[in-house]
Amino acid sequence: SGCSEHSLSNHQIKRYSRQLLLPSFGVQAQERLSKASVLVVGAGGLGCPSSLYLAAAGVGHLTIVDHDSVEVSNLHRQISHTEAATGESKALSAAVACMAINSSIQVDAWPTGFKPHNALELVQRHSVVIDASDNSPTRYLLSDACAISKTPLVSGAAIGFDAQLTVYCHGSQGPCYRCIFPEAPMPRACASCSDAGVLGPVPGVIGVLQALEAIKIVTQVGTPLSQTLLLFDGMASSFRSVKIRPKRPTCAACGQQPTITADSLPAYDYTAFTGSTGQQLNG
Amino acid sequence: SGCSEHSLSNHQIKRYSRQLLLPSFGVQAQERLSKASVLVVGAGGLGCPSSLYLAAAGVGHLTIVDHDSVEVSNLHRQISHTEAATGESKALSAAVACMAINSSIQVDAWPTGFKPHNALELVQRHSVVIDASDNSPTRYLLSDACAISKTPLVSGAAIGFDAQLTVYCHGSQGPCYRCIFPEAPMPRACASCSDAGVLGPVPGVIGVLQALEAIKIVTQVGTPLSQTLLLFDGMASSFRSVKIRPKRPTCAACGQQPTITADSLPAYDYTAFTGSTGQQLNG
Amino acid sequence: MVKLNLHFSGGLELLFGNQKEYSVDVPHEPPSELKVGQLLVWTRDHLLTERPELFMKDKTVRPGILVLVNDVDWELSGTLDSELVDGDNVVFISTLHGG
Amino acid sequence: MVKLNLHFSGGLELLFGNQKEYSVDVPHEPPSELKVGQLLVWTRDHLLTERPELFMKDKTVRPGILVLVNDVDWELSGTLDSELVDGDNVVFISTLHGG
Ligand SMILES: [Zn+2]
Ligand SMILES: [Zn+2]
């Protein structure tokens, strides 16, 4: 440093030089990235690529939450986890992979999972949240915590050859998950990757795009996918962008008179709301 | 095995269970994958995610070609390479990362690079080729070798916030790179990631999609992007699919009377054709 | 008759003979316009092949399904009362939870 | 006048004031149709801000640029003689080599 006014070290200048070269990115965006913190909930098919690209890009602080352990049936799509990590905490395994790429950032593993009692505290400590979870109750819990704390939520989902991506709780007009889906689908309408299968690159593409959205949000470069839902069809390798509604004034989480608040959230029964069994609530 | 007629081991059934569950994929596609071989030319921003997802999915044989060494300025986007691999062969580093995910497949590193004298021999040994290179002469060389040997070529490219993806040399009607660009652009119209910069997730998205295209081609599942060019704009996170011409009958490489043949290719001067300096020709 | 392009995704195609795209002529008598609410009933009765409860609940789509008219959320065009004309695209998406 | 939407990408936007999208009215006298060859010249003379040699060579685009009319390769519609009408989209892409 020294040749111009910025806080980047010589090592950072060298490491991130290919990003710094971009006129639309440059030193200012890199500084914002290094001061930002991202919470990644889920270290599976979405969370692995997402956290690797965030670490590589130089997000200052990354927290990876997952209460599961690595299984051999995860390895076809969860590319942070090696065969040697089988049986270990997914959060820890993904964090180790991130630190091997970039030891100059802080990476925390949170292997106890994402629950109503810790959700708000975890979310509030971060600039942006990645929903890389695999179940309906966690998706509502994450959205509610982000709506209450006004934290942008980059939400990805995948199954089979299909995937979806959008940003919730962004800016003054961006909807939350509950604005779009105020009533939860019945459990048998919710296939999971374990039940229905998924081809690895399908969540892979979305996970990388989630990292990109988070980078764009914290650096204020480009246009995030707020009020826009991106649909991916892996069979045809085609994408479709659709326009979705703004924030709903009557929304229970982000509306004008919310019933889901910092006080009420820890006791909210997400498994009852989604009709799920207790074991499904995890990050 | 034993419960139905297929060649997969119990370990394979377990490891790939989330793909096998997919009705449109299943055991037959997995067997085709395990018998297939994929050549990945370039172990950079495109080749890293591409090779990781191919290895994870269970492609039987993977060859990774790159004559460069890992530099610290690669780490922001080339996610197979750890800090510890700095200075090592990129091909080897990427191969090691693939083997850590899947030791049951064969992964070969080819650190001597992709050159006219070895191009055809390398291409002919594989079912499909991934163009993850970073320069114009290598892109023409790869396309010519694939045109001569009728090997499908999954071509990705990225710079800044922009990226492109298509499949060349596919089926009887699919064009080659020369069909679309018979004359090479002048060198100063060809920015490289080193010169112009690139944001990591931009080649990341395309690299994962390249793995998906290769998987679709070797398994015969879904519709590959032949005669279709996918354009990605990372600033808006938007995609556009455009229809491109079929094979050109007068094409020098894949036309009815080709002048670029197995005999003439090794002596073809790609650096002169593209007006590049010699050092640019590499994989 | 109103000519429409229908698209089902996110697993909904499994309820429609595993087919994602349909080009259909929906019977309709002018002068009033065809509404999405009427299209839903026609789609259930003529295209759906199984488990109607995973497509509709009462007179609308079941929770978790998003309806888009010409790539815009039906919430912005009047939900069940959104009007359809020849050439319109209607997309039905089931929200996904996997990762 | 013919109303067109122009889109520049793959780095070409840098020659056009770093702007990717243009909505333009291109002067034209009927009865003959406006052709892409004429649009190229008009675009160079009215929108291009620098280095014309990186956009055109002789009467066509320089090698490495792909032209698409309504998302279809201009090779399929007659290249320079492709005809344009109100509302058409014309995309200019520079092929990328990075990775
Ligand atoms: Zn809301
Ligand atoms: Zn050709």
Side-chain angles (χ1 to χ4, degrees), chain A residues 11 14-22 24-25 49 52-53 56-58 72-79 81-84 100-103 160-161 165 193-202 204-205 208-209 211-213 215-216 221-225 228 230 234-239 241, chain B residues 11 14-22 24-25 49 52-53 56-58 72-79 81-84 100-103 160-161 165 193-202 204-205 208-209 211-213 215-216 221-225 228 230 234-239 241:
Chain A
H11 176 79
K14 204 168 169 188
R15 176 188 280 267
Y16 305 119
S17 57
R18 299 307 181 262
Q19 292 167 195
L20 298 173
L21 270 172
L22 290 169
S24 48
F25 203 80
L52 290 174
Y53 278 93
V72 74
S73 65
N74 299 150
L75 301 178
H76 83 115
R77 70 185 189 282
Q78 305 184 9
I79 58 160
H81 310 311
T82 61
E83 288 177 354
I101 289 178
N102 197 344
S103 64
F161 283 81
L165 171 68
C193 293
S194 316
D195 302 337
V198 63
L199 202 65
V202 175
V205 167
V208 181
L209 287 170
L212 178 61
E213 288 305 292
I215 292 169
K216 285 160 61 183
V221 170
T223 313
L225 288 173
T228 302
L230 183 71
M235 277 284 186
S237 294
S238 67
F239 292 85
S241 288
Chain B
H11 176 79
K14 204 167 168 187
R15 177 188 280 266
Y16 305 120
S17 57
R18 299 307 182 261
Q19 292 167 196
L20 298 174
L21 270 172
L22 290 168
S24 47
F25 203 80
L52 289 174
Y53 277 93
V72 75
S73 65
N74 300 149
L75 301 179
H76 83 115
R77 69 186 189 282
Q78 304 183 9
I79 57 160
H81 311 311
T82 60
E83 288 178 353
I101 289 177
N102 197 343
S103 64
F161 283 82
L165 171 68
C193 293
S194 318
D195 303 337
V198 64
L199 202 66
V202 175
V205 167
V208 180
L209 286 171
L212 178 60
E213 288 304 293
I215 291 169
K216 284 160 61 183
V221 170
T223 312
L225 288 173
T228 302
L230 183 71
M235 277 284 187
S237 294
S238 67
F239 292 84
S241 288

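Just so we're clear, the structure is a prediction, and the values are computed from it rather than from any experiment. Below, all heavy atoms of this structure are taken into account, side chains as well, without hydrogens, waters or symmetry copies. In what follows, chains carry the letters A, B, and so on, assigned in the order in which the sequence lines appear, proteins first and then strands, with residues in each chain numbered from 1.
Contact annotation for B/His11: only side-chain heavy atoms (C-beta onward) come within less than 4.5 Å of a heavy atom of chain A. With a 4.5 Å cut-off on non-hydrogen atoms, A/Gln78 does not touch chain B at all. Contacts between A/Ser17 and chain B at a heavy-atom distance below 4.5 Å involve the side chain alone, from C-beta outward. In this structure, chain B has no heavy atom under 4.5 Å from any part of A/Leu165. Heavy atoms of A/Leu225 lying under 4.5 Å from chain B belong exclusively to its side chain. Heavy-atom distances place both the backbone and the side chain of A/Ala100 under 4.5 Å from chain B. When heavy atoms are compared at a cutoff of 4.5 Å, A/Leu212 approaches chain B by way of both its backbone and its side chain.
In terms of heavy-atom proximity, A/Pro49 sits nearest to B/Tyr53 at CG-OH, 3.4 Å. Considering every non-hydrogen atom in both A/Lys216 and B/Ser237, the closest pair reads NZ-OG, 2.8 Å. Smallest separation of non-hydrogen atoms from B/Glu83 and A/Ile101: CG-O, 3.3 Å. Closest non-hydrogen pair, A/Val208 versus B/Pro201, comes out as CG1-O, 3.4 Å. Contact detail for B/Leu22 and A/Ala196: the closest heavy-atom pair is CD2-O, 3.6 Å. For the residue pair B/Val198 and A/Gln19, the shortest heavy atom distance occurs at O-CG, 3.9 Å.
Comparing A/Ala57, A/Ser24, A/Pro224 by heavy-atom pairs within less than 4.5 Å of chain B, the highest count is held by A/Ser24. The choice from A/Ala84, A/Ala56, A/Gly222 that makes the most heavy-atom pairs within less than 4.5 Å of chain B is A/Ala56. Looking only at heavy-atom pairs under 4.5 Å with chain A, the residue among B/Leu209, B/Thr228, B/Ile79 that has the most is B/Ile79. Chain A forms more heavy-atom pairs under 4.5 Å with one residue of B/Thr82, B/Asn74, B/Val72 than with any other, namely B/Val72.
The distance from atom NE2 of A/His76 to atom CG of B/Asn102, rounded to the nearest 0.5 Å, is 11.5 Å. Note that the CG atom of B/Leu52 and the CZ atom of A/Arg77 stand 16.0 Å from one another [nearest 0.5 Å]. One distance of note links CZ of B/Arg18 with CG of A/Leu75; it measures 11.0 Å at 0.5 Å rounding.
Annotation: side chain of A/Leu199 is not in contact with side chain of B/Val221 (no heavy-atom distance under 4.5 Å).
Using cut-offs of 30° and 60° on the angle between ring planes, the pair A/Phe161 and B/Phe25 is tilted.
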